[in-house]
Each structure stands twice: as structure tokens, then as C-alpha cells.
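For clarity, every value in this text was computed on a predicted model and none was experimentally measured. We name chains A, B, ... by the order of the sequence lines, and we start the count at 1 in each one.
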There are 2 protein chains.
Amino acid sequence: MVRRKFLHYKQMILKMRDGGKTPGEARRVPRIGDVAAAAGVSVATVSRALSAPDKLKSETRDKVLEAVAALGYTPNSVARQLRAGHSRLVLVIVPRRTNPPFFAEVLHGIDVRLAEAGYVLITGYMEADDHDLRLIELAASGHVAGLLTISGDLPKVAGRSILDAGLPAVAICADPRVEGLPAVLLDDEQAAAMQVEHMIGLGHRRLFYVSGPPGNYNEVTRHRGVLAALAKAGLGPDALIEHPGNYAFSGGIAGANAYLALPDRPSGVVCGNDETAIAFVKTVHAAGLRVPDDVSVIGFDGIELADFCEPTLSTIAQPRFELGAVGAQLLIDRLAGADPADMLPPGGKILMQGRLLARDSTRPLGE
Amino acid sequence: MVRRKFLHYKQMILKMRDGGKTPGEARRVPRIGDVAAAAGVSVATVSRALSAPDKLKSETRDKVLEAVAALGYTPNSVARQLRAGHSRLVLVIVPRRTNPPFFAEVLHGIDVRLAEAGYVLITGYMEADDHDLRLIELAASGHVAGLLTISGDLPKVAGRSILDAGLPAVAICADPRVEGLPAVLLDDEQAAAMQVEHMIGLGHRRLFYVSGPPGNYNEVTRHRGVLAALAKAGLGPDALIEHPGNYAFSGGIAGANAYLALPDRPSGVVCGNDETAIAFVKTVHAAGLRVPDDVSVIGFDGIELADFCEPTLSTIAQPRFELGAVGAQLLIDRLAGADPADMLPPGGKILMQGRLLARDSTRPLGE
DNA sequence: ACCATTGATGTAATCGATTACAGAAACGGT
DNA sequence: ACCGTTTCTGTAATCGATTACATCAATGGT
């Protein structure tokens, strides 16, 4: 009896919370039981009307669907998810402030593909070492079905990795080098080689290289490509002067200042990404050098903006949308139960090719 | 009996799904019951050890926490959420491909503030009319606690709005003009007036205006500011030639072409945002005009890049991080039960001020 | 030493949906 | 008309955690 009274009170609070201030307009979110009552059937029938309509007599089904529409009922997906044991949410780990124009388009590819397959995307922004625990707990909490990372790193705290949650995961754009983690990547080595070959093809024999962050997966791989291309052209490593960058404007400025301070400046500059290249161009311009007359500069990524700066930037276009979409598809297949080994080439990675965009920031040496 | 057998089988499937192929390594995700068994206590005690530690004898608590650590237990937040009736997820509606450098920073502000308050952000990308239903259903599904929109529009399908779910919501950067919806906005009218006043202060008496998308909230408000500033300077509306834009590169190109075709070109150009301005400069440069020698151009937003193009772009800086953070805080307060009326000025909107950045793309007329 | 009070822990109801099984109704064959 | 199918719908168990209430132990006051 006392118990019943308590429940009644609790119910009132609930009503007030859901509805509004005036009791008259107290309109709570309808539950499956409300629909059942309105249609004069059981909750099981309502559930079936929505998820397996052909199991019902058409007459009953219509009655239920009418009630659903009248009440504006949407199934509570939290309850559904608890019962079903799996969710339709995918967590995407994104580096927080790095290179928004680039990652926005990768995300777009991911989002479009996930949406088509009925999944919803949760973006987890990750700073270098910050906020990791929150994402790890989110992954372990049963809320999400799978994991994508377009950041080179994965949240890790005190030896606890986000992968410990055992979620199906796929890496996009950068490879965290984790055993068994499928990855969709640009062929960075080949693409970086294209940068260098372009320069060499224009007659530049000495190059300045503003890299990405030392140790970064993409940087390491691209660096290998740069050296390989030089070697292939018969040039030794002394043909290359390197400056460590960070894939951001600030790295381009610092790189340019280092370049300007050089006694004998190379005629070609290879940058780790477009933002770096744009900042580089801007900085050497300010110092009185002209691009491409005095120095040729090439970027990497092919962001839209590279076509809107002065001069337009030669660069390597990444298939950003496709990288995202293919990565998302890989995860969708795994969530559907496919074996990664069946979908991937032997190395466990899908490599996509970059495309050289030769524009105005590079030109033949001495012309 | 038969039932028991079925359950047993189901359990096996669960084990295999959670664990792996080899029965030996079948490691399922631990539940609260597993921890209770391991610690030799009831599930209630485990729950209390995690959420109300001081209600337990320290001895018991330690025993439980040990078991938690040993098993690597993380509470299933789906179950928790179902029981609690509310979640820690906040859905942010973001325009899909528009102006990534700008929105990325607003999102950053939102994310930082939400994270501090223990919330997790879900990004719902929204295209003009696409994918709306998915977001509406997500909002109505009980998964999210609140709603932020930094897109001018809100998902709406067949008369059903995302606000019908009754979630606490806050608008940031753009005002969907919905009764009772709190908003954190730039003082667009004032900011646009600053653009014009800057131009007039430099002696430009006739202006070309590449607007945002006609009808867009920001555009409408800024347009009002432009006209007000002209009137204040004693200039009639014939001092302004308008071209409808779209806040993207393409709008800047189209605007520039329209400008170039003019028989008598105004000496000052006011753009709806920085991307538009950058594309405008690029296009008139290609046609042989020089900025700022032949024409002064001012942008809007203050994205990082505006300082890295040639010439550096005069613009109005928006406090992007703060807009996001303040908007997030407003929602957090509402979720904590605060009355919006207590937090907001009478109009229901918090207006933040823009800041003029006078750089190289504008200069006194005739100098 | 006994009862009252406080404190610690356990039992079981609960959140809202799905679904196995049971039971009822409709149908067909003889 | 009766029985066996098939078709449809209802009852109740279930997902994993939280928490009101019950219960039991320990403590203190007299």
C-alpha cells in the first residue's frame, strides 16, 4: 500500500518532467504500452506491427499504426538496444584541431556511408593526450557498435587501450599499427614519391622538406617515399634538407624561416600538407621571394583551398571522401559478421592512390 | 526444462560472440553480476561501491573495487540510461560541408565545455534537406539528453520537427527563430555594420556586397547592418550593389565575375564570409585587378586562413570557441534544471561582439 | 542484559522494448 | 461436426543496471 503510494508520486514527477508546467498540457513521451492501450492490443502486437508487419492481420496492423501516428510514438532505442545487445552507433575518433578542411571531407564520406547503412556517427574529438579516458569509457560502455579512427593514435590511458573493449574497429587515413586492425590508407609512400618526382621532373635537384610531426605514421611513410624517389633519380640524401613540421600553419611558418636562413637555398620545397605549404608560401613571399619564380612549392592533401591561394598550389590530391566511405564500409561489413581476412588484401590494408595536381606553385627550374 | 535448454544454447552464442573462436579464450564482457560473484557480495553492493562509495564499509568497498579492476568491469551505460531515464549524450546539428574551418572551432568550444561537464557529443551532420528523418528519430529515441544546433535550420520532415521530441535545445551562431529557443549569437547586425564602417572610414563611397544565401538568418541580419551603416553615413541604398552568394568558394567566384562585368565598379567589396572573400580576391586577381590597389575586400569570420592568403584578409573575427562554449554551458544549465528565463537577457538571445581585423586587403581609397 | 537506533547489505521491482512460448481463433479435410 | 493445422495475438521472461524497502548485524544507552 505504502509502496503503491510512492509509485504514484514518482509517476507524477515523471509526468511533470516530461510534459510541462501546466497539468493540462502534461504531454509525456508515449511508450509502447500507451500505443497498445490506444489500439486495444498488447504490447507484443505493437512491437510486431513495427518490426514484422506481415506477421499481423492487416486489420490489426492498421489499427496499431494509426495509434502510433496519433500518439507520435517513436520506440525508445535505449530500451531496444539493451534488449538487442547491440547498437547502431559508431564512434569516430577525430584529431581535435588538426587540419579541419581535410578531415571534414573524410568525415563526410564516413557519414554518408554509415547513414545509408542505418548507422549513426558519434564524433569523439581527441587531443594529443587529453580526454582519452572519456572515449575509452564510452567505447567500453556498450553504447557503440564499432569504432573508426582517422587520428593516427588511439586513446590509451595507463596501459588501457580503447581497443580493449573488443569493438570491431577500422583505421582510416593513418595506421596506428595495431595487430589485426584493418586499415584504409593512402599509399603515402607512393604519393610522397610523386611529390619528389614532380620536382625532379621540373629540374629541381635540391629539395627542402617540411615534414609532418616526427614519428607520425603518415610522416614516417612519406619520408620513406621521398628518399626512395631521390634514390631512384640518382640523388643522395644530401640533396634533401629537412625541417620537422606539424601539419599546421605554424609548421609552415617555422619551416619557411628555417629555409630563408639557409645560405644556399634549394629551388624546390616539398611540404607535408597543404596548410603547411600555404603558410610557407605566405612567409617567403613576405620576405621578398616569389613563388614559383624563385622557389617551387608543392603541398599534400588537395584541400579545396589549395586552389584558391596565390599562386594556386601544386599538391597531391587524396581521395578524401572515398577514404572515409571505404573505411566505413569495411566496418559495416565487419559489424554484419564478415571476416576481415576475406575483405582485405594480405597486408591487412587497403591502399588508395593519390593524384598529382600540377598547378602554379611549381615550375621548371630556371624558366 | 526445454526452456532451460534453450537458454543454455543462447548463452553459448553470447559467449562466442563476446569472446572469440577458441572456447578457452572466450572472454565475455563482465556484467555487474560477475563482479558481485567474484567479490562475494550482491549486485546492489557493487552498484553502490561505484556510485556511492561512502555507504559501504571500507572493507567491502575495497573487495568490490578489487574485483572490478580484476575483471575490467565498466558499467553498461545503456542499461544505466534506461533505468535513469536520461543520458549524457548531446546531439549537435552541424551543416555538412559548409565552412569547416569556422564550424570546427565552434565545435571545439562545445566539445571542451561538454566534456568538462561530463557529457559526450554526437555530431549529426545535416545537408540542406537530406537525412533529416534520421536525426529526428535519434532525438526522439531517448538516446540524447539535449540538442545544440549550429546550423541555421533544424531538421524538419513533413511538419515534424526535431524539437517535437521535447529535448532542451540551444541554438548557436544562427537563430532558427523558434519561440522559446535560447540562442547564443554573434551580433551580426553590428558586425556587418563594422565591415561597412571600415570601408567608409577608408573613403570608399560605393560598395559591392557578396551576400550569404538569401533568406539565411545570418544573411538577413547582416544585410540589415550593412544598410544601417550606409544610412548612418548618409549614403543611400544606391551606394550598394548586391550579389547573392552562398558562404562558399563558389559564391566568391560568381560574385567576382559579376563584379568584373560591372561597367562602373565600386572600390570596396564586402563579403559574407572569408571563404567567399578569398575566392573573390583570387578571381579578380586572375582578371588582372590588384587587391588592395584596385579594390579593397573585407571578409567575415576570421578563420585562421584569412591571415595566410595573399594579401592577408581584413575581416571580422567571431569569437568562435566562445560561441560554442557559451552555448554548451547554456544547455548544460538547462539540463541541470535551470530556467532559461533566469539565464537569458529579455530577448532570449545572448549576443557576442565581433572584432575588426584590419589587414592588407583593404586600404584607403586612392592611396 | 535488553531494547532502540544506526549502519551495512541483500532482495526484488523497475526502466521500455523484444520475443519465446502458450493459447485462442480460424480454417481445412474427412 | 470433429480434429489437426495454420495463423494470429497475448503473457511473461529478458537485457543490465539502479534503488526503495526489508532484513540483519552492530552499537549505544539505561
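The side chain of B:Ser47 sits closest to D:dT18 out of D:dA17, D:dT9, D:dT18. Checking D:dG16, D:dG10, C:dA17 against the side-chain heavy atoms of A:Pro75 singles out C:dA17 as nearest. Residue A:Lys57 has its side chain nearest to D:dT9 when only C:dT9, C:dT18, D:dT9 are considered. With distances taken from any side-chain atom of A:Ser42 to the nucleotides D:dA17, C:dA17, D:dG10, the minimum falls on D:dG10. Closest contact between the side chain of B:Val41 and the listed nucleotides C:dA17, D:dT18, C:dG10 involves C:dG10. Closest contact between the side chain of B:Ala44 and the listed nucleotides C:dT11, D:dT9, D:dG16 involves C:dT11.
At whole-Å resolution of the value, CD in B:Gln81 and P in C:dG16 are 12 Å apart. Following rounding to the nearest Å, A:Ile32 (CD1) and D:dA12 (P) show an atom-to-atom distance of 17 Å. Taking atom CZ on B:Arg83 and atom P on C:dA12, their separation rounds to 16 Å, with Å as the unit. In this structure, the CZ atom of A:Arg31 is 14 Å from the P atom of C:dT14, given to the nearest Å. Per the geometry, CD belonging to B:Glu59 stands 14 Å off C1' belonging to C:dG7, to the nearest Å. Here D:dT9 presents its C1' atom at 10 Å from NZ of A:Lys63, a figure rounded to the nearest Å. B:Leu50 places its CG atom 7 Å from the P atom of D:dT18, with the value rounded to the nearest Å. One can place CG of A:Asn76 at 10 Å from P of C:dT18, the figure rounded to the nearest angstrom.
An OP1 or OP2 oxygen of C:dG16 is reached within less than 4.0 angstrom by no side-chain nitrogen or oxygen of A:Tyr73. Taking 4.0 angstrom as the limit, A:Ser51 places none of its side-chain polar atoms (N or O) nearer than this to OP1 or OP2 of C:dT18. One finds a side-chain N or O of A:Thr45 lying less than 4.0 angstrom from the OP1 or OP2 phosphate oxygen of D:dG10.
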**Request:** For A:Ile93 and A:Ile162, run side chain to side chain contact (heavy atoms under 4.5 Å, CB included): C-alpha distance rounded to whole Å, both residues' side-chain angles, the deciding distance at 0.1 Å, then the answer.
**Result:** CA-CA 10 Å; A:Ile93 309 288; A:Ile162 196 167; 4.1 Å; yes
**Message:** Determine whether B:Arg31 and B:Asn76 satisfy the following criterion, side chain to side chain contact (heavy atoms under 4.5 Å, CB included), listing intermediate values before the conclusion.
**Reply:** CA-CA 8 Å; B:Arg31 328 212 175 297; B:Asn76 180 318; over 6 Å; no
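Remark: A:Glu116 engages A:Arg113 in a salt bridge, criterion side-chain N to carboxylate O under 4.0 Å. With salt bridges taken as basic N to acidic carboxylate O contacts below 4.0 Å, none links B:Asp54 and B:Arg61. Taking the charged nitrogens against the carboxylate oxygens, A:Arg134 and B:Asp111 do have a contact shorter than 4.0 Å, which makes a salt bridge.
Side-chain N/O atoms of A:Arg48 and base N/O atoms of D:dG10 include a donor-acceptor pair closer than 3.5 Å. Looking at B:Arg80, its side chain has no donor and acceptor atom pair within 3.5 Å of the base of D:dT18.
Considering every non-hydrogen atom in both A:Leu135 and A:Tyr125, the closest pair reads CD1-O, 4.0 Å.
Projected onto DNA chain D by closest heavy-atom contact, A:Asp54 and A:Val43 fall at different nucleotides, the more 5' of which corresponds to A:Asp54. Residues B:Ala79 and B:Lys55 both approach DNA chain C. Their nearest nucleotides, taken by heavy-atom distance, put B:Lys55 toward the 5′ side.
Backbone-only engagement by B:Leu56 is indicated by non-hydrogen atom pairs under 4.0 Å involving sugar-phosphate atoms exclusively.
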